[in-house]
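Data first, discussion second: the structure below is written as structure tokens.
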There are 2 protein chains.
Amino acid sequence: MIYCVEDDGSIRELIVYALKSNGFDAMGFADGKEFFSRLKEQTPSLVLLDIMLPGEDGISILRHLRSNPDTRKVPVIMLTAKSSEFDKVTGLDSGADDYVTKPFGVMELISRVRAVLRRSEQSYDSGELVMDQLHLNPQKHIVTVKGKEVVLTFKEFELLKCLMENKGIVFTRDKLLETVWGYDFEGETRTVDVHVRTLRQKLGECGNLIETVRGVGYRIGGNQ
Amino acid sequence: MIYCVEDDGSIRELIVYALKSNGFDAMGFADGKEFFSRLKEQTPSLVLLDIMLPGEDGISILRHLRSNPDTRKVPVIMLTAKSSEFDKVTGLDSGADDYVTKPFGVMELISRVRAVLRRSEQSYDSGELVMDQLHLNPQKHIVTVKGKEVVLTFKEFELLKCLMENKGIVFTRDKLLETVWGYDFEGETRTVDVHVRTLRQKLGECGNLIETVRGVGYRIGGNQ
DNA sequence: CATTTTACATGTAAAATCTATGTAAAATCC
DNA sequence: GGATTTTACATAGATTTTACATGTAAAATG
């Protein structure tokens with residue numbers, strides 16, 4: 001989900017439309033107030049933020065986002081009209097991940113959105129594991145799908161964590177039993193399969209992120 | 001080591017100076033020719049690439065880099081003078097990791113360099129087997145031909161891995177049955193041949209990398 | 001020497017067989 | 001009582017077998 005905060009209605013509509021037609025979920029807001037009230041409902045995977053806004057300006061909103069633990073890591077792309085504004089965000093010291101100068105082409109915007117998302121999906125410094133719409137926070141012991149919490153049991157959580165910590169790498173059932181269960185097992189067991197099933201079920205739309213590699217084991221994020 | 005390809009001497013000097021004074025090793029080149037001849041000596045950890053260059057342009061250089069297995073994974077940041085979105089989009093889609101529009105602030109550039117390097121350090125190689133356009137990653141259990149994933153079954157994968165791990169060495173059918181299948185077989189079986197066939201088929205253009213050595217067995221990379 | 005024959009080796013499509021996985025439901029463990 | 005594991009079975013998909021076509025080196029023949 002991408003949020004766009006922009007006071008000019010026609011630009012806002014244009015951006016939201018462009019994002020949607022490029023396969024993103026998107027939502028527009030005219031000012032910081034609207035935006036923050038929605039933010040409580042669902043944390044987006046990216047925010048497009050105009051600098052000049054009625055009420056609280058973009059820079060201030062950005063600081064707000066960065067100071068809240070829940071939104072600290074949400075990538076932000078700033079939209080700037082003047083090059084004087086541009087100066088404020090250059091150096092990226094304000095903590096924006098990228099910026100686009102108006103007037104901008106739609107395709108340029110989409111490209112930058114993609115680039116920033118690609119980056120943010122890979123970087124996991126504060127421990128939060130991210131994979132598309134699927135987030136796992138080891139410290140908080142919380143998993144969310146599209147921003148909504150999913151309640152997992154201990155084994156389910158550990159299993160998912162193990163896979164997400166090793167994005168792209170296939171784990172055999174034996175290896176999983178060893179790392180997640182601590183077994184040093186011999187013989188048959190369908191335990192892993194059953195847990196994968198419940199996981200997939202609980203993760204809903206994100207369930208298919210767990211790939212089966214036939215004859216080998218399971219993997220998450222094969223294309224990375 | 002960071003390489004910077006930029007025809008404008010003063011900009012090039014500036015960039016190299018800025019990088020060096022920020023603790024990076026850096027080297028500048030005025031065109032693709034200089035750059036490529038140096039590339040044979042040492043593969044850099046990052047390349048800064050101007051789009052407009054005399055001779056081969058930046059986009060073409062980028063494609064070159066990406067098509068060579070040795071440099072495929074080197075991160076590239078594009079430098080562009082025109083902000084026309086054409087340049088930017090083609091830059092991103094041809095596989096650049098980021099791009100910076102001139103005129104840019106030195107600190108912005110350094111920030112981006114740091115960000116890209118941070119990213120790339122995480123995803124460093126893991127026993128990936130390479131043979132021309134054919135790549136096999138044992139950990140991820142993924143095979144790509146010209147960068148596109150090819151889905152192999154377990155036996156196909158193991159067979160290919162066995163051959164690629166022993167580049168240039170001929171394997172008899174018996175030996176293959178022993179290593180890949182674990183059989184200690186006597187008697188006739190066409191199993192290997194059938195699997196070689198499906199492999200060759202699935203690998204498409206790279207199928208002919210698997211050579212038949214008549215009367216002996218199969219081999220990959222006979223000329224190495 | 002050129003060619004034909006012979007004897008196998010290999011390629012290939014399709015059928016037959018086998019097995020890994022998904023899944024529901026029961027049993028067992030904290 | 002929920003979490004976890006075991007059991008049991010159906011089935012998609014992988015693997016192997018079969019049967020025949022084609023390729024090829026070397027011997028036999030003209």
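Note that the coordinates shown come from a computational prediction; the quantities given were computed from them, not determined experimentally. Letters A, B, ... mirror the listed sequences (proteins, then strands); counts begin at 1.
Atom NZ in B:Lys155 sits roughly 14 Å away from atom P in C:dC18 (whole-Å rounding). Rounded to whole angstrom, the span from the NE2 atom of B:His195 across to the P atom of D:dG13 amounts to 17 Å. Separating the CZ atom of A:Phe157 from the C1' atom of D:dT4 is a distance of 18 Å, rounded to the nearest angstrom. Following rounding to the nearest Å, B:Trp181 (CH2) and D:dT16 (P) show an atom-to-atom distance of 6 Å. Counting to the nearest Å, the P atom of D:dA21 and the CG atom of B:Asp193 are 18 Å from each other. Atom CZ of B:Phe154 is separated from atom P of C:dA20 by 9 Å (rounded to the nearest Å). If you take CZ of A:Arg190 and C1' of C:dT19, they are 11 Å apart, rounded to a whole angstrom. Straight-line distance from the CD1 atom of A:Ile210 to the P atom of C:dT23: 12 Å, rounded to whole Å.
A sub-4.0 Å separation between OP1 or OP2 of C:dG11 and a side-chain N or O of B:Arg200 is present. Between A:Thr153 and the phosphate of D:dT4, there is a side-chain N or O to OP1/OP2 separation shorter than 4.0 Å. For B:Thr212 and C:dA9, the shortest distance from a side-chain N or O to OP1 or OP2 is not below 4.0 Å. Between B:Arg173 and the phosphate of C:dT10, there is a side-chain N or O to OP1/OP2 separation shorter than 4.0 Å. Using a 4.0 Å cut-off, some side-chain N or O of B:Tyr218 falls inside it from OP1 or OP2 of C:dG11. For B:Thr189 and D:dT16, the shortest distance from a side-chain N or O to OP1 or OP2 is not below 4.0 Å.
Classified by interplanar angle (parallel below 30°, tilted 30° to 60°, perpendicular above 60°), the ring pair B:Phe157/B:His141 is parallel.
Distances were taken from every side-chain heavy atom of B:Arg214 (C-beta onward) to each of C:dT21, D:dT4, D:dG23; the shortest belongs to D:dG23.
Here the side chains of A:Glu211 and A:Tyr218 are not in contact, with every heavy-atom distance at 4.5 Å or above.
The pair A:Asp193-A:Arg173 meets the salt-bridge criterion, since a charged nitrogen lies less than 4.0 angstrom from a carboxylate oxygen.
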Query raised in the report: When you look at A:Glu108 and A:Arg112, which way does the salt bridge (charged side-chain N to carboxylate O under 4.0 Å, His left out) test go after all the steps?
Result: CA-CA 6 Å; A:Glu108 180 192 343; A:Arg112 286 189 187 264; 3.2 Å; yes
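Among the protein residues, A:Val213 comes within range of the sugar-phosphate backbone only, with heavy atoms under 4.0 Å from sugar or phosphate atoms but none that close to a base.
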